[in-house]
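Notes follow the structure.
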Amino acid sequence: MDSATESTSPSRPLSSFFITTAIDYTNGSPHLGHAYEKVLADVLARYHRLKGDKVFFLTGVDQHGQKVQQSAEKQGVPPKQFVDGVTARFTALWEKLDIRFDGWAATTDERHKECVRRILFRLNAEGQIYKDRRGGYYSVRQEQFLTDKERNENGEFGPEWGEVEFREEENYYFRLAEHKQWLLDLIDRRSAAGTPLVIPDFRVAELRNAVEKLEGDLCISRPKARLAWGIEFPFDPNFVTYVWFDALVNYISFAPGYDPAAGADLTEFKTWWPALHVIGKDILIPAHGVYWPIMLKALGFADDEIPPLLVHGWWNISGAKMSKSLGNIVDPAVLAEKYGPETLRYYLMSDIATGRDADFSEERLVQRYNTDLANSLGNLLNRTLSMAAKYRGGVLAFGEAETRARGEAESANRVAAYTAALDRFAPDAALEAAGALASWCNGLVEESAPWKLAKDPAQADRLDAVLYTLAESLRILAILISPVLPRAAAGIFSQLNWNKAFSLADTRWGGLPGGHQLGKASPLFPRIEANAEA
RNA sequence: GCCAGAGUAGCUCAGUGGUAGAGCAGGGGACUCAUAAGCCCUUGGUCGGGGGUUCAAAUCCCUCCUCUGGCACCA
């Protein structure tokens, strides 16, 4: 897997690839959306490893905050014990889905907490943070301040909030508003330069709009009396930091070589940074699109070090949002158990366009598996090996040149489409390119009819060439599907009896030598029958 | 309400000025190496409604409708 270092894409000068996901809040079970984001990031990370890039894939969990504190209290357990339990459900799912991350960002980790404290200390010393007393309406029952959004149509706070009182409270604030114009300019400059801050680009307008409306600074603390489950302010033990300077900071606190001290040596860190942040469309505004760039700016990051955001869409269920009351929550662990992790990975990557929403359907998951994997690719492998065994004892020979030349041209075209697709973060299009190569191979079988060629000794050369072209295409296909389907790729290699390390450069035609002995055929993707669904 | 995205064949979507497309599903056929898979052919759409610009509009403009998201700490 890591044998080759050659990059096939000269358009990417960077040899390192740092990718992150949102860190999931440990107050509930993982659902399909969590799984989608992690699989997407994992596929992009695996693709870059395949290219020979140096990859760091960071994901994790956001473990602090009020909701966690409340849930733990409700269960009568310490918050740490509570988050450890929920965290274990996430890590178990990632293991099951073959999410191969390099760094685990758990915000209760001492490394993270120390980094957060040092950042707060530094920004406070540099005058980016100040203390202020502000007032508002407070719900004693819900233990939170209420905003106008919580008012009902009569302009009152409803009975669900219980007793509501006016309270004044001291808190720490981060100077956000003064960077508004800088951020607007940055968004425009990055778009003009062709390296937009937000992908897909239609979301740039959405972000710009939100920045235009930006006013006021950002409250970044909670008094300990109200929220104890957080990271204590290094210069004021009566407060903990609240969400932004905790969760968002994970992207640098767990990054290789980061040191928050002013003037620190960041040589190693800068070989990785900026990261590509993979996030859901719900947390673009304001957290990742507004707060995070300004936080980095305040920490001395240069304009070209503000990380791009790859914003993905949501999976809806039959056109509706997932919700507990509708009873339509999709549990990815159940799906992975029922159909296998790779079936789920394939579906999540093939049936949605990155950035857009899609509709989840179990029926469609089964259909895509059966048509693309079982019928097209799996059956191609099976029939190829079966014919090779039957007609040639499983031994490859080159045969005539014309058929092989056609295979070479076809696969080169598909590989080019594949890399172009993944370079623009579109696994669906990449899988389509791989599928097209499999289809072409199936067409070659029909066109050449090896079972007829086998009966005519004069066609021996042609038969050899067809079998070689099919086997060689399958070797290339295994490489192409490996970021999405690492286990199936290994299965193809195993059946081809070709267990060598590979990289993207090995998609070049002609890897299998003449005289190579193929392995034994066995269904790689058994069909899922309709009655197995209930 | 403001902003953005979407509305094209039963389903998922591509197509951004020049005779309506793909995949899947449905129908038919020839074949047999194969996971009853694959291959070939085929049914199917007044491109959300209305108006306008143009020799020509799914594509540009106006307007309306519907859905989704953001603006409000859920991937």
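Every chain is numbered from 1 and lettered A, B, ... according to where its sequence line falls, protein lines coming before strand lines. This is a predicted model, so every value here is computed, not measured.
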- Item | Centroid separation A/His288 to A/Tyr251 less than 6.0 Å | yes
- Item | Whole-Å C1' distance, B/U35 and B/G48 | 43 Å
- Message: Can you check the distance between B/G50 and B/A57, where both ends of the measurement are the C1' atom (answer in whole Å)?
- Response: 15 Å
- Rounded to the nearest Å, what distance is computed from the CG atom of residue A/Asn442 to the C1' atom of nucleotide B/A37? 9 Å
- If you measure from the Lys or Arg side-chain nitrogens to the Asp or Glu carboxylate oxygens, is any gap between A/Lys338 and A/Glu362 under 4.0 Å? yes
- Task: To the nearest Å, give me how far apart OH (A/Tyr346) and C1' (B/C24) are.
- Result: 12 Å
- Salt-bridge present (A/Lys281, A/Asp357; N to O < 4.0 Å): yes
- Taken to the nearest whole Å, NE2/A/His312 to C1'/B/C74 is 12 Å
- Could you check whether the rings of A/Phe90 and A/His34 sit parallel, tilted or perpendicular, using 30° and 60° as the cut-offs? perpendicular
Tabulated below should be each protein N or O lying under 3.5 Å from an N or O of nucleotides 3-10 of chain B; please produce it.
residue: B/C3; atom: O2'; partner: A/Asn209; partner atom: ND2; Å: 3.0

- Query: Between B/G69 atom C1' and A/Leu284 atom CG, what is the distance in whole Å?
  - Reply: 11 Å
- Task: Rounded off to whole Å, could you give me the CG-to-C1' distance for the A/Leu474 and B/G38 pair?
- Result: 14 Å
- Query: In whole angstroms, how far is the P atom of B/G69 from the CG atom of A/Asp282?
  - Reply: 11 Å
- Message: Would you measure the distance from the P atom in B/U46 across to the matching atom in B/A37 and give it in whole Å?
- Response: 32 Å
- Task: Decide, yes or no, whether a salt bridge links A/Asp98 with A/Arg345 under the criterion of side-chain N to carboxylate O below 4.0 Å.
- Result: no
- Message: Give me the distance, rounded to whole Å, that separates B/G28 from B/G21 when you measure between the C1' atoms they each carry.
- Response: 22 Å
- Task: Would you classify A/Asp24 as touching base, sugar-phosphate or nothing, given that sugar-phosphate means primed atoms plus P, OP1 and OP2, and contacts are heavy atoms under 4.0 Å?
- Result: sugar-phosphate
- Task: Take the protein atom CG of A/Leu218 and the nucleotide atom P of B/A72, then report the distance between them rounded to whole Å.
- Result: 12 Å
- Is A/Glu206 salt-bridged to A/Arg208, cutoff N-O under 4.0 Å? no
- How are the rings of A/Phe233 and A/Tyr172 set to each other: parallel, tilted or perpendicular (split at 30° and 60°)? parallel
- Message: Please determine whether a side-chain nitrogen of the Lys or Arg among A/Arg406 and A/Glu410 lies less than 4.0 Å from a carboxylate oxygen of the Asp or Glu.
- Response: no
- Message: Under 4.0 Å between a side-chain nitrogen and a carboxylate oxygen: does that hold for A/Asp456 and A/Lys452?
- Response: no
Sort me out a list of protein N/O and nucleotides 25-35 of chain B N/O pairs below 3.5 Å, or just none if empty.
residue: B/C33; atom: O4'; partner: A/Tyr391; partner atom: OH; Å: 3.3
residue: B/C33; atom: O3'; partner: A/Lys390; partner atom: NZ; Å: 3.4
residue: B/C33; atom: O2'; partner: A/Ser386; partner atom: OG; Å: 3.1
residue: B/C33; atom: O2; partner: A/Arg383; partner atom: NE; Å: 3.1
residue: B/C33; atom: N3; partner: A/Arg383; partner atom: NE; Å: 3.4
residue: B/C33; atom: N3; partner: A/Arg383; partner atom: NH2; Å: 2.6
residue: B/C33; atom: N4; partner: A/Arg383; partner atom: NH2; Å: 3.1
residue: B/A34; atom: OP1; partner: A/Lys390; partner atom: NZ; Å: 3.4
residue: B/A34; atom: O3'; partner: A/Asn382; partner atom: OD1; Å: 2.8
residue: B/A34; atom: O2'; partner: A/Asn379; partner atom: OD1; Å: 2.6
residue: B/A34; atom: O2'; partner: A/Asn382; partner atom: OD1; Å: 3.1
residue: B/A34; atom: N1; partner: A/Arg383; partner atom: NH2; Å: 3.4
residue: B/A34; atom: N3; partner: A/Asn379; partner atom: ND2; Å: 3.0
residue: B/A34; atom: N3; partner: A/Arg383; partner atom: NE; Å: 3.4
residue: B/U35; atom: O2; partner: A/Phe525; partner atom: O; Å: 3.2
residue: B/U35; atom: O2; partner: A/Arg527; partner atom: N; Å: 3.2
residue: B/U35; atom: N3; partner: A/Phe525; partner atom: O; Å: 2.7
residue: B/U35; atom: O4; partner: A/Gly378; partner atom: O; Å: 3.1
residue: B/U35; atom: O4; partner: A/Leu524; partner atom: N; Å: 3.4
residue: B/U35; atom: O4; partner: A/Phe525; partner atom: N; Å: 3.3

- Message: Please report the distance separating the P of B/A22 from the corresponding atom of B/C40, rounded so that it comes out in whole Å.
- Response: 13 Å
- Task: Could you give the distance separating B/A14 and B/A20 at their C1' atoms, to the nearest angstrom?
- Result: 12 Å
- Message: Dot-bracket for RNA chain B, please. Rules: Watson-Crick or G-U, both distances under 3.5 Å, ( ) within the strand, [ ] when a pair crosses earlier ones, | for another strand, . otherwise.
- Response: ((((((((.[[[[.)..(..]]]].((((.........)))).....[[[[[..)....]]]]])))))))....
- Item | Integer angstrom distance from the P of B/G26 to that of B/G38 | 11 Å
- Query: Would you call A/Glu169 and A/Arg226 a salt bridge, taking side-chain N to carboxylate O under 4.0 Å as the test?
  - Reply: yes
- Task: Verify the ring-centre separation between A/Phe245 and A/Phe174: is it less than 6.0 angstrom?
- Result: yes
- Task: Determine the interatomic distance between P on B/C67 and the same-named atom on B/C62; round to the nearest Å.
- Result: 23 Å
- Before accepting this row, confirm whether a basic side-chain N of the pair A/Glu95/A/Lys38 lies closer than 4.0 Å to the acidic partner's carboxylate O. no
- Query: Between A/Trp440 (CH2) and B/A22 (P), how many Å, whole number?
  - Reply: 22 Å
